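Quick notes on the structure that follows.
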Amino acid sequence: KPIRAKLHGLSFCVAEGQASYARVDDSAECGSKQGALDLRDYRVPLAEFKAFLESENAKKYCHDSKVGYAVLARRGIALKGVEFDTMLAAYLIDSTRGSYDIADIAFERLSLELPGFVTNNGGAPAADARQSASGHIERVCAECEAIYKLKPILDTKLKEDGLDWLYYNVELPLARVLAEMELTGVAVDVEQLEALSTTLTVDIKETERRIYEMAGEEFNIGSPKQLQRILFEKLGLTAAKKTKTGFSTSAAVLEEMAADYPIVSEILNWRELTKIKSTYADALPKLINPETGRIHTSLNQTATATGRLSSSDPNLQNIPIRTELGRQIRKAFIASGDNVLVSADYSQIELRVLAHFTNDENLVRAFENDEDIHTATACVIFNCSPEDVTPEMRRRAKTINFAVIYGMADFTLGRELGISTHEARDYINMYFTKFPGVKKYTEEIVETARELGFVTTMFGRRRYLPDIHSTKHAVRMFAERAAINTPIQGTAADLMKIGMLKVYDLLKGTNAKMLLQVHDELLFECPPSEVNRVAELAREGMGGAHQMRVPLKVDVKAGKNWAEMESVA
DNA sequence: GAGATCACGCACG
DNA sequence: CACGTACGTGATCAGA
């Protein structure tokens with residue numbers, strides 16, 4: 001949480017065995033204790049380091065440079081010259097490792113047990129070295145020396161694995177962009193969220209009353225266990241699906257029953273209301289930074305197996321949009337002052353990536369002609385012209401397109417479309433006959449995963465898939481779907497990151513700020529007078545991320561809030 | 001019994 | 001809840 005992190009000190013290592021620490025924290029608790037002279041209590045004014053930290057020529061190696069950018073920026077220092085970030089290197093080398101803690105990486109690559117290193121063979125984590133003030137300096141110096149030693153090792157590995165381009169041109173410079181986005185934050189309308197919360201409290205109470213009446217007793221609706229008892233034991237409804245511990249009460253299951261049982265549709269309604277209230281309406285106002293009046297998410301650069309970013313504390317990548325109630329939350333994300341929000345999103349980026357990979361004639365032609373891809377898919381599958389495609393046909397084609405991206409190796413597709421597995425199988429065979437390039441791709445990528453043990457994106461990002469050799473069918477199938485999906489999702493993520501860097505540079509000289517990234521969308525804030533310029537630059541940067549076999553289309557919208565936006569030509 | 005952890009459910013792309 | 005995430009709630013758990 002870099003926005004809340006405080007700068008305590010700086011540690012430097014210029015040669016092996018020569019790490020030092022300078023305390024720059026000027027908070028009260030730092031006075032010396034027993035009165036004994038201790039250099040560790042000596043504080044250095046941060047200003048002494050400003051020129052060095054801001055020098056492009058003074059090259060630095062860091063672990064988690066994003067935190068460095070953010071923490072120093074808040075103290076008026078624009079960190080420059082970051083030439084290596086061991087955390088980002090470790091992420092590109094293996095995106096699936098659980099931890100990117102410097103102590104863990106040092107243990108694995110240097111066989112070095114840093115102070116505070118927690119072995120995984122039992123025992124409570126030693127609270128001593130991590131927390132105590134005396135252990136702090138030793139620990140930080142040891143970490144700093146580890147960075148120094150790790151740099152050449154990780155650098156060599158990046159080059160060996162063909163990850164150096166992505167590293168030096170994308171991940172490393174992106175850290176700074178993400179730090180700025182986190183520091184900028186996004187404005188929210190607290191009053192609106194509080195008003196919504198109040199309304200929801202009343203609606204939830206009324207819904208609960210109706211549910212208890214139908215159930216004949218009061219119970220905790222939020223407890224899956226108690227809900228199972230009421231629905232499937234007391235009321236005797238037929239259970240459709242099981243979980244490990246009992247009968248499923250998931251939305252998918254309940255929706256099947258909702259038409260027949262009023263209590264079930266009330267429960268679904270209750271779930272939506274409580275979800276919106278607890279996850280958004282009540283949670284978001286608590287996360288407004290009192291100093292900026294805005295919400296500052298963390299944009300995590302080393303969290304996903306595919307190369308996407310993730311967002312946490314709070315997650316601003318899952319703000320509701322699909323239901324009317326959900327959009328009330330989204331409406332509370334606003335532009336500050338006279339500004340407006342501008343949203344630029346890639347149109348169908350994953351299917352465009354699929355078109356690029358497969359070079360499939362039907363897919364490429366549809367995108368070259370800027371056709372509606374789901375309608376175009378329906379035309380091909382059902383062998384008809386666009387005007388003959390009914391909404392139902394388009395819906396089915398859309399489902400199939402999703403299934404392809406997710407790696408439809410095993411077919412839950414039938415259930416999804418409400419048809420038999422046999423019929424679903426026919427659909428898939430039909431699809432693969434009409435899109436032979438896609439069939440070839442899925443077969444080849446799974447074979448590649450088996451041979452190499454990993455798959456890669458267009459830019460060489462890797463994901464290891466050890467489960468591809470599992471003897472357990474379900475486990476192996478999961479790995480096969482991941483083998484199909486990861487290059488697609490991961491390449492889209494690469495393109496977006498490249499696009500972000502281009503747009504970031506293009507926006508210099510405007511008053512626009514990049515606020516958020518939501519996988520295929522970038523959100524900006526700017527004065528109304530700059531909307532057209534920003535739209536143009538977003539199109540240029542995102543659309544020009546990389547030359548592909550099909551064009552990258554970017555749609556731009558603008559408005560006073562994140563829910564009500566009008567298209568910008 | 002506070003706090004960690006798991007299961008479940010569900011918000012988004 | 002197909003692929004990828006984050007997170008809120010409820011349930012469960014241990015050792016002195």
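Numbers restart at 1 for each chain; the letters A, B, ... are given by sequence-line order, proteins then strands. Predicted model only: the values in this text are computed from it and were never measured.
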### Message
With rounding to the closest Å, how many angstrom separate the P atoms on C/dT12 and C/dA16?
### Response
24 Å
### Message
Is the phosphate of C/dG4 approached by A/Thr306 (side-chain N or O, under 4.0 Å from OP1 or OP2)?
### Response
no
### Message
Quiz question: going by heavy-atom distance under 3.5 Å, is there a donor-acceptor pair between the base of C/dA6 and the side chain of A/Asn315?
### Response
no
#### Entry: Complement of C/dG8, any strand, by Watson-Crick or G-U distances under 3.5 angstrom
B/dC8
#### Entry: Presence of A/Gln317 side-chain N/O under 4.0 Å of C/dG4 phosphate oxygens OP1/OP2
no
### Query
Nearest nucleotide by nearest heavy atom, which residue falls closer to the 5' end of DNA chain C, A/Phe478 or A/Ser311?
A/Phe478
### Task
Kindly say if A/Asn220 contacts the phosphate of C/dG10, meaning a side-chain N or O under 4.0 Å from OP1 or OP2.
yes
### Task
Please determine, for the side chain of A/Ser223, which listed nucleotide (C/dC7, C/dA11, C/dC3) has the closest atom?
C/dA11
### Query
Which part of the nucleic acid, if any, lies within contact of A/Ile319, taking any heavy atom under 4.0 Å across all strands shown: a base, the sugar-phosphate backbone alone, or nothing?
sugar-phosphate
### Task
Quickly work out the A/Leu254 CG to B/dC8 P distance and round it to whole Å.
14 Å
### Task
Have a look at A/Thr274 and say if it touches a base, only the backbone sugar-phosphate, or nothing, with a 4.0 Å heavy-atom cut-off.
nothing
### Message
At 4.0 Å (heavy atoms only), tell me whether A/Ala493 reaches a base, stays on the sugar-phosphate, or touches nothing.
### Response
nothing
### Task
For A/Ala252, report the nucleic acid contact type (base, sugar-phosphate, nothing); a contact means any heavy atom under 4.0 Å.
nothing
### Message
Any base atoms under 4.0 Å from A/Thr399, or only sugar-phosphate, or nothing? Heavy atoms, all strands.
### Response
base
